[in-house]
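In what follows, chains are A, B, ... by sequence order, proteins preceding strands, each numbered from 1.
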Number of protein chains: 2
Amino acid sequence: MTMSDIFDALAHPIRREVLEMLKLGGMTAGEIADQFPVSKPTMSGHFAKLKAAGLIRGENRSGSITYTLNLSTLEEALLGFMGRVGIGSGEADHQGKAGDTA
Amino acid sequence: MTMSDIFDALAHPIRREVLEMLKLGGMTAGEIADQFPVSKPTMSGHFAKLKAAGLIRGENRSGSITYTLNLSTLEEALLGFMGRVGIGSGEADHQGKAGDTA
DNA sequence: AATCTATTTCGCTATTTAGCTAAATGACGA
DNA sequence: TCGTCATTTAGCTAAATAGCGAAATAGATT
């Protein structure tokens, strides 16, 4: 659940797409896997990374596993990083704003 | 400069830290490299990736190279992705800026 | 030109990641 | 229990990534 876990998880296009799909609601591992041209074990590995990063949650529901998006983790990580590089609301850092001498 | 380039660039902690450092202003390659416990050739490789992703710009200034943060690329990518997963303004899919699936 | 400094490119090795098939696990229905 | 479906784990290979030291390049300075 560290910051690096999260950015590692986001590094793979398939994993980013999985997150996008889950935006619309929970889906089972199989349903998700069917949308991608890789094997199910490979997809299972992607799910494991997303789960390790805290970006999705798996719920065991009657024989299959439904994954749901954990939006708050993602939001916290991305907004936090954006703040640190100076994007968005000024809650980035407490001292000098960008723009002074290099 | 694709979406994947950007997220690949963000995957490495050193590269994320470089971006944070540059928030305060431009720095030369050597100045940046001195802050990290890896060799200069290794840092040079990190700069190359950040540059390929469009996240920094290098300016040749009197014998050394000053890198500056290209905030707009980063902002566009992160806000775009956040929009796609449903973070931020309710608008989910704005305009696809990256059609990469590789 | 010769040299010095800053940075990158070139080989090279070690580690990590992504993908596969095959086998194992877990839950469910007959 | 037996078989079946859904998913994960195990074991492997190929490719990508990160790191290094040595050498090459590019600008300045002498």
Side-chain angles (χ1 to χ4, degrees), chain A residues 1-22 25-70 102, chain B residues 1-22 25-70 100-102:
Chain A
M1 288 247 205
T2 140
M3 184 74 122
S4 272
D5 287 335
I6 293 174
F7 277 100
D8 280 350
L10 294 178
H12 199 294
I14 285 185
R15 294 194 291 261
R16 292 196 303 271
E17 280 190 57
V18 167
L19 296 181
E20 291 184 40
M21 289 176 54
L22 291 179
M27 292 177 74
T28 68
E31 285 171 338
I32 303 170
D34 285 344
Q35 316 279 333
F36 296 95
V38 297
S39 71
K40 290 183 188 223
T42 295
M43 287 305 296
S44 182
H46 287 310
F47 298 147
K49 275 200 175 155
L50 288 169
K51 208 158 60 174
L55 295 174
I56 62 174
R57 264 186 301 248
E59 192 186 344
N60 210 324
R61 236 187 247 169
S62 77
S64 58
I65 296 187
T66 295
Y67 283 113
T68 54
L69 183 57
N70 194 356
Chain B
M1 290 238 200
T2 85
M3 183 75 122
S4 271
D5 287 334
I6 293 174
F7 277 100
D8 280 350
L10 295 177
H12 199 293
I14 285 186
R15 292 193 293 259
R16 291 196 304 271
E17 279 189 59
V18 168
L19 296 181
E20 291 184 40
M21 289 176 55
L22 291 180
M27 292 175 75
T28 68
E31 285 169 339
I32 304 171
D34 285 343
Q35 316 279 334
F36 296 95
V38 297
S39 70
K40 290 186 186 219
T42 295
M43 287 305 296
S44 181
H46 287 310
F47 299 147
K49 273 199 176 159
L50 288 169
K51 208 158 59 172
L55 295 174
I56 64 175
R57 263 185 301 248
E59 192 185 345
N60 211 323
R61 236 187 247 169
S62 77
S64 58
I65 295 187
T66 295
Y67 283 113
T68 54
L69 183 56
N70 194 355
D100 71 288
T101 322

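In this structure, B/R15 and A/F7 have side chains that are not in contact, with every pair of non-hydrogen atoms separated by 4.5 Å or more. Using a 4.5 Å heavy-atom threshold, the side chains of A/V18 and A/M27 count as separate. The shortest side-chain heavy-atom distance between B/F36 and B/E17 falls under the 4.5 Å cut-off. Looking at heavy atoms from C-beta onward, A/N70 lies out of side-chain contact with A/L55 at the 4.5 angstrom threshold.
Rounded to an integer number of Å, the gap from CD of A/E31 to P of D/dA6 is 10 Å.
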message = Please determine whether side chain to side chain contact (heavy atoms under 4.5 Å, CB included) holds for the pair A/T66 and A/T28, giving the CA-CA distance in whole Å, both sets of side-chain angles, and the decisive distance to 0.1 Å.
response = CA-CA 4 Å; A/T66 295; A/T28 68; 3.9 Å; yes
inquiry  = Before you tell me yes or no, could you show the steps for A/Y67 and A/L50 under side chain to side chain contact (heavy atoms under 4.5 Å, CB included), namely the whole-Å CA-CA distance, both residues' side-chain angles and the distance that decides it to 0.1 Å?
reply    = CA-CA 10 Å; A/Y67 283 113; A/L50 288 169; over 6 Å; no
Can you pull every protein N or O that's under 3.5 Å from an N or O on nucleotides 17-21 of chain D?
from, atom 1, to, atom 2, distance (Å)
D/dA18, OP1, B/R15, NH1, 3.4
D/dA18, OP1, B/R15, NH2, 3.3
D/dA18, OP2, B/R15, NH1, 3.4
D/dA18, OP2, B/K49, NZ, 2.6
D/dG19, OP2, B/H12, NE2, 3.4
D/dG19, OP2, B/H46, NE2, 2.7
D/dC20, OP1, B/S39, N, 3.4
D/dC20, OP2, B/S39, N, 2.6
D/dC20, OP2, B/S39, OG, 2.7
D/dC20, OP2, B/T42, OG1, 2.6

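Here chain B contacts DNA chain C (any atom closer than 4.0 Å to a heavy atom, that is under 4.0 Å), and the contacts span C/dA6 to C/dT9 from 5' to 3'.
At the heavy-atom level, A/Y67 lies under 4.0 Å from the strands shown only through sugar-phosphate atoms.
Distance alone, capped at 3.5 Å, places no donor-acceptor pair between the B/D34 side chain and the B/E31 backbone.
In this structure, the side-chain contact (heavy atoms from CB on, under 4.5 Å) partners of A/E59, at least two apart in sequence or on a different chain, are A/R61.
Side-chain N/O atoms of A/S44 include one lying less than 4.0 angstrom from OP1 or OP2 on D/dT8.
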